[in-house]
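None of the values given here were measured: they were computed from a predicted structure. Naming convention: chains lettered A, B, ... in sequence-line order (proteins, then strands); numbering from 1 in each chain.
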Number of protein chains: 4
Amino acid sequence: MASNFFGQIFRITTFGESHGPGIGVIIDGCPAGLSLSEQDINEQLAFRAPGKTIYTSPRQEQDTAEILSGLFDGKTTGAPIAIFIRNKDADSTQYEAIKDLYRPGHANFTYLEKYGIFDYRGGGRASARETAARVAAGAVAKKLLARFNIECLSFVFEIGGICIQMPDLSNLHAIREKTHSSPIFCPDATAAEKIMEKIGQTQQENDSLGGILAGLAHVPVGLGDPVYCKLEAMLACAMLSLPATKGFEIGSGFAAARMKGSEHNDAFEIDRQGRVHTATNFAGGTLGGISTGSPLFFKVAFKPTSSIKKPQATLNLQKEKATFQLPETARHDPCVAIRAVPIIEAMTALVLADALLMGQIEQSLLTKKH
Amino acid sequence: MASNFFGQIFRITTFGESHGPGIGVIIDGCPAGLSLSEQDINEQLAFRAPGKTIYTSPRQEQDTAEILSGLFDGKTTGAPIAIFIRNKDADSTQYEAIKDLYRPGHANFTYLEKYGIFDYRGGGRASARETAARVAAGAVAKKLLARFNIECLSFVFEIGGICIQMPDLSNLHAIREKTHSSPIFCPDATAAEKIMEKIGQTQQENDSLGGILAGLAHVPVGLGDPVYCKLEAMLACAMLSLPATKGFEIGSGFAAARMKGSEHNDAFEIDRQGRVHTATNFAGGTLGGISTGSPLFFKVAFKPTSSIKKPQATLNLQKEKATFQLPETARHDPCVAIRAVPIIEAMTALVLADALLMGQIEQSLLTKKH
Amino acid sequence: MASNFFGQIFRITTFGESHGPGIGVIIDGCPAGLSLSEQDINEQLAFRAPGKTIYTSPRQEQDTAEILSGLFDGKTTGAPIAIFIRNKDADSTQYEAIKDLYRPGHANFTYLEKYGIFDYRGGGRASARETAARVAAGAVAKKLLARFNIECLSFVFEIGGICIQMPDLSNLHAIREKTHSSPIFCPDATAAEKIMEKIGQTQQENDSLGGILAGLAHVPVGLGDPVYCKLEAMLACAMLSLPATKGFEIGSGFAAARMKGSEHNDAFEIDRQGRVHTATNFAGGTLGGISTGSPLFFKVAFKPTSSIKKPQATLNLQKEKATFQLPETARHDPCVAIRAVPIIEAMTALVLADALLMGQIEQSLLTKKH
Amino acid sequence: MASNFFGQIFRITTFGESHGPGIGVIIDGCPAGLSLSEQDINEQLAFRAPGKTIYTSPRQEQDTAEILSGLFDGKTTGAPIAIFIRNKDADSTQYEAIKDLYRPGHANFTYLEKYGIFDYRGGGRASARETAARVAAGAVAKKLLARFNIECLSFVFEIGGICIQMPDLSNLHAIREKTHSSPIFCPDATAAEKIMEKIGQTQQENDSLGGILAGLAHVPVGLGDPVYCKLEAMLACAMLSLPATKGFEIGSGFAAARMKGSEHNDAFEIDRQGRVHTATNFAGGTLGGISTGSPLFFKVAFKPTSSIKKPQATLNLQKEKATFQLPETARHDPCVAIRAVPIIEAMTALVLADALLMGQIEQSLLTKKH
């Protein structure tokens, strides 16, 4: 079943495995006339790269993108943009030892049941490496959004139970600066200190931590479509399509369940520019699935990294009891959530770029034009 | 933008407003040979009907479905199945008083901004009435799933801060029985008592409550597709496409963020039938986006009903300050979550029916056949 | 498999059978603000109605459309527009006699093989009645196109070997007038006379005739997309999706096979308004799948009506030799092509409306805007 | 607008230009367990390669495919299969001379109007080189089809007015052998002689020829879906999406317009194996859009190559009169139809693979299974 595409108008199709020639993406539907270079993509890939601090896995991927199509004189032509990232650092020998085991928390059991074949070397399409293609596509989406003054951001909100102080969502640039100056993409330096300490401890225990990431975007009123293409439905789909995610909430989220209507309803007011806005933003930036113009704000829950060095009870493919233990030399992230920050950002950009282009088919085309 | 369809193979397209002739759905892609009657659909619509208890709004819709196509001799033919539910009880006079106000927590602001036109009488496509078409379609999906021994259920998990005792998810039938014998679809009678008391209080305060619903399904291993069509991504999209939803989590959900890998990983074991299963189910029934065979379990957060009779500050369409107050005679639900139970169930059935049919294009077609 | 929808942005999904409650369509993606009434649709349905002359079958369907959704104050709201046409004149008794026979030239053999069930009363989805839903949807598409000064037309080009004199394609209105004043939608009165005579003869022989229809549209430059969504590919798909069609050609069509490049290439010139156009139009109005601004011109071949009253050798469902003969009282068209004129027009309008809306996502969005 | 994908279940997305790094395709939805190698693809690419005889252009592309993903141990894994073909022989200097001219019969006018940018070096997505990606994808489709004993073939039917003798369509292998032993893919050696002579003449005149190709496939009964996904509609769309095509006809095609119903209806009979088949095959292998099991047979019309060395009147981009003449050193095909043979074959395979997989979601799933 064709399941490797995302988006309707600004549509990406991704491919590749961690232990094959490489991974990549085709972006179909990007408008003509957008300036674009490999450098734009490599900058975003660098954010995703592991090995920058002890808080992420020490692989040295140094991903570089090759743009295979869709450009002429440094601009997009309206033709599909194919981007390829060749694998460099794929050592599959360490996987030999575990190739006959069902890996706890991993997809090899379900893939084997479904397909009867599994690329045990790196997880195939279930590998986190797949997300590099999303980041590459997101880089293009961001360039498009920038032309319409739409910006998006992701940052660490909570790790190992340590939560940040809620920042001022109206100042996206300030949050970005703080996020990018943190080794763990956490805009609250005090919380970041505690989180890093906790990560250190957990690593020593050969264990891993879960976390929550925040997504934020500044978008105009009117993005998103009613019923099945609500902006929050598209975001939820995008986020739950990421490996290791367990939940999504927008605005008040699960806390809304404990609120009353009179508390939760955001009152309409006039802002300083004379535009309609809401006094509070429990909605998280949408009403009826369409953006209100208030900051779009959501959170994504990540489970703790499933690949750990602690021994775990499991079965082998012959259904006999066995012990799974990640090889000592294997690389793993103590907390996948941290590395997911640029990926959340990329998926947000992809959802917004698609909604932006869909919005060009003005539903009010006729009222405006004639 | 075409945004009123859901599903790829078992695809529904819905239409209709609360104050027009009626609402309906076309189901395209239902296999031939399934026994189906209007009674099958009306039974499900009855669950959604309001006015059964004081805990839901007193409208008497008595929805009845007309099947307009797709049947011959009481069986589906493979042709599209169109179902229409004519509106009976649509009094729009009461909306006259509020038609010039932005309604807090409602979609009329964003619809007016996007389309330049809004059917103020009942909310147009943003009306909860739209969900009756989903329930009708879900009834057909359930009949299909039943042929493959797939069952799904939704129930109240928490309302107004009162949470149920976690039931045994392996016994879906027992939970269903308890859920359906409760006036508020709550399988825990003790919690239900407290919830109903709280709802009574809240109604007297002219206010409303939020809540959390649970979704449960028993499915075989192998449903769902990698990357963008992960089973949880499809469910998250389905759930966040419902009015008033603010969050989705599968299995451990947001709690996973506070767990360690060694706690969260579900160990593989052999069950009594000699099949591979997991000892725990923090995953919530999927790995790598594909069902494991363990109970599929997720939760959906609902905000408190936004239409309340308490006066609220707002603006009128001329951007002047105004007070919004639902007319005394207007009907509203003190807690929309309760009425959403059959809708969650329907959307779950639709996601699973689509995944089931996609799975028929066996990815392992070749390994099996030749 | 979901196969009853057409279009990506202006998307229709149709349903219904000739011998059930009725047939209908949902139009999803029509912009808000378009004036629309049931009268607009009924006018188009009237063109399709049989029984107007002896040259089409004598059924008196008098189809009337009910718009079930998507309108407010006489205008579209951006919500899906559902249209239903109730069946009135469905006498299925005459089909009893032939229900156990494979019908030569008909779909009951393939439907039975594929689905194991067939609605023998009227052909199910293979019935020509299905096309009324296309005409209803096309009526909405035409209203949208009219707002952008895009017009389309179909007319009889050749029947029973009698071909019309090629009209001046730049004068669409003149051709329309002549077409609509002809009882057989033929703009060339001399040819029409001969065709009607031939139809009369053929009817007396209990036989039927094939024919060729022309499609014509005046569209601006720039509609259509490269590669798989070329305008002619979409038109070819639309036309071959109609019952009884055997071929499609655009511009020079099959005659191009006997031409040389120096003859076939249309030279670029400046027209009186100073715009680039082509001196000839062998291309038929597109280059690289994108409209040139020259008249869009194509032809569609129809086989002779397969339901005839002449006895034909066949098999019954038990695979025994049998004779098929349409009951004396059965209604049939001596030449389906004639009745297909408004259907070709409708499908053309649907293809163009979709291409028009796609074009709103200006590929040159960026060059123009910034 | 995303327009570079084809197929619903076995879905391809193509990219690339003739003068960039290369061209390629992602195949999403190919089942797991299919043996596949780069050699399989290169064999098909070799058929498409020009320069083999004087009857096609003398470029020496020697295309070789790199499979970038989707394989493990020589078998498909169910993951997307990406194939890349690097450009080797792309000399763009010769295009400098004509970059400011509207090229008669070419897409540069419409691309410039639509996108405001055009890669003049090789035609961008309008280049025939794009079709190499289709051939690569078709090679995979063919391997899948072979596992189900489905075969397809294309051959030259008519060029420059010289038509072949109609072969026995039931013997696909014999036609293939004759086709592949001909330097111009023409199974009728006598006709081939005359055609080659005519091509030689035309080349000397610096002109080009059009032609008609035939497509043939042996498929089981039941492929294709009613209404908008009829097998012939999918084929028509596929064929008209190819550069230089002007028409499509199935079975009797345009000749059906001059036949009577009693002549055209194919009588049902029992064949030697006791199966239902038709005595004649005017239908061309489908009824109601679903394959009958008789040979699928269609024709595709190609215009004469538009790039010729004869001088032609045109305009430059400044709208001034100019003369277009392909540079003396430029390579061009005297008849594009010949080189399109493997492309027609590839597109046929892609349509059939998609229909085959769709058919796995048996519409009669329920009748058969329970």
Pairing residues for Asp119(A) by the salt bridge (Lys or Arg N to Asp or Glu O under 4.0 Å) criterion, not counting sequence neighbours: Arg121(A)
Within residues 301-323 of chain A or reaching into it, pairs that qualify as salt bridge (Lys or Arg N to Asp or Glu O under 4.0 Å) - sequence neighbours excluded: Asp207(A)-Lys310(A)
Part of Ala126(A) within contact of chain B (heavy atom distance under 4.5 Å): neither
Flag, side chain of Lys114(B) to backbone of Gly224(A), donor-acceptor distance under 3.5 Å: yes
Part of Val221(A) lying under 4.5 Å from any heavy atom of chain B: side chain
Segment of Phe302(B) engaging chain A (4.5 angstrom heavy-atom cut-off): backbone
Heavy-atom pair of closest approach, residues Ala267(A) and Ala313(B): CB-O, 3.5 Å
Shortest non-hydrogen contact between Cys237(B) and Cys237(A), atoms and distance: CB-CB, 3.7 Å
Contacting region of Thr305(A) [heavy-atom separation from chain B under 4.5 Å]: backbone
Max heavy-atom pair count under 4.5 Å with chain A, selected residue of Asp266(B), Leu209(B), Val276(B): Val276(B)
Distance, nearest 0.5 Å, that separates CD1 of Ile290(B) from OH of Tyr115(A): 4.5 Å
Largest heavy-atom contact set with chain A, pairs under 4.5 Å, which of Met239(B), Gln8(B), Arg275(B): Gln8(B)
Heavy-atom proximity to chain B below 4.5 Å, by part of Ser291(A): backbone
Among Gly222(B), Gly160(B), Gly247(B), Ala244(B), residue most engaged with chain A (heavy-atom pairs, under 4.5 Å): Gly247(B)
Heavy-atom pair with the smallest gap, counting every atom of Phe254(B) and Lys299(A): CZ-O, 3.9 Å
Qualifying residues under side-chain contact (heavy atoms from CB on, under 4.5 Å), relative to Thr14(B), sequence neighbours excluded: Val227(A), Tyr228(A), Ile12(B), Val25(B), Arg125(B), Glu130(B), Ala133(B)
Heavy-atom pair with the smallest gap, counting every atom of Asn265(A) and Ser306(B): ND2-O, 2.9 Å
Straight-line distance of Thr292(A) OG1 to Glu113(B) CD, nearest 0.5 Å: 10.0 Å
Which of Ile250(A), Leu235(A), Ile162(A), Thr314(A) touches chain B most, by non-hydrogen pairs under 4.5 Å: Ile250(A)
Side chain, backbone, both or neither of Ile212(A) within contact of chain B (heavy atoms, under 4.5 Å): both
Under 4.5 Å from a heavy atom of chain A, the part of Ile9(B) involved: side chain
Donor-acceptor under 3.5 Å (Lys246(A) side chain, Ala283(B) main chain): yes
Top contributor to chain B interface from Ser252(A), Ala107(A), Pro226(A), Gly289(A) [non-hydrogen pairs under 4.5 Å]: Pro226(A)
Structural part of Ile117(A) lying under 4.5 Å from a heavy atom of chain B: neither
Top contributor to chain A interface from Thr202(B), Thr131(B), Asn4(B) [non-hydrogen pairs under 4.5 Å]: Asn4(B)
Segment of Glu269(B) engaging chain A (4.5 angstrom heavy-atom cut-off): backbone
Chain B contacts, top residue of Pro304(A), Gly288(A), Gly210(A) (heavy-atom pairs, under 4.5 Å): Pro304(A)
Residue among Phe6(B), Phe248(B), Tyr111(B), Phe5(B) with most heavy-atom pairs under 4.5 Å to chain A: Phe248(B)
Among the listed options Gly251(B), Gly124(B), Cys229(B), the residue most often paired with chain A at heavy-atom distances under 4.5 Å: Cys229(B)
Residue, of Gly253(A), Ala279(A), Gly161(A), that accumulates the most heavy atom pairs under 4.5 Å with chain B: Gly253(A)
Contacts of residues 255-263 of chain A with chain B (heavy atom under 4.5 Å): Ala256(A), Ala257(A), Arg258(A), Met259(A), Lys260(A), Gly261(A), Ser262(A)
Side-chain heavy-atom pair Thr110(B), Thr286(A) within 4.5 angstrom cut-off: no
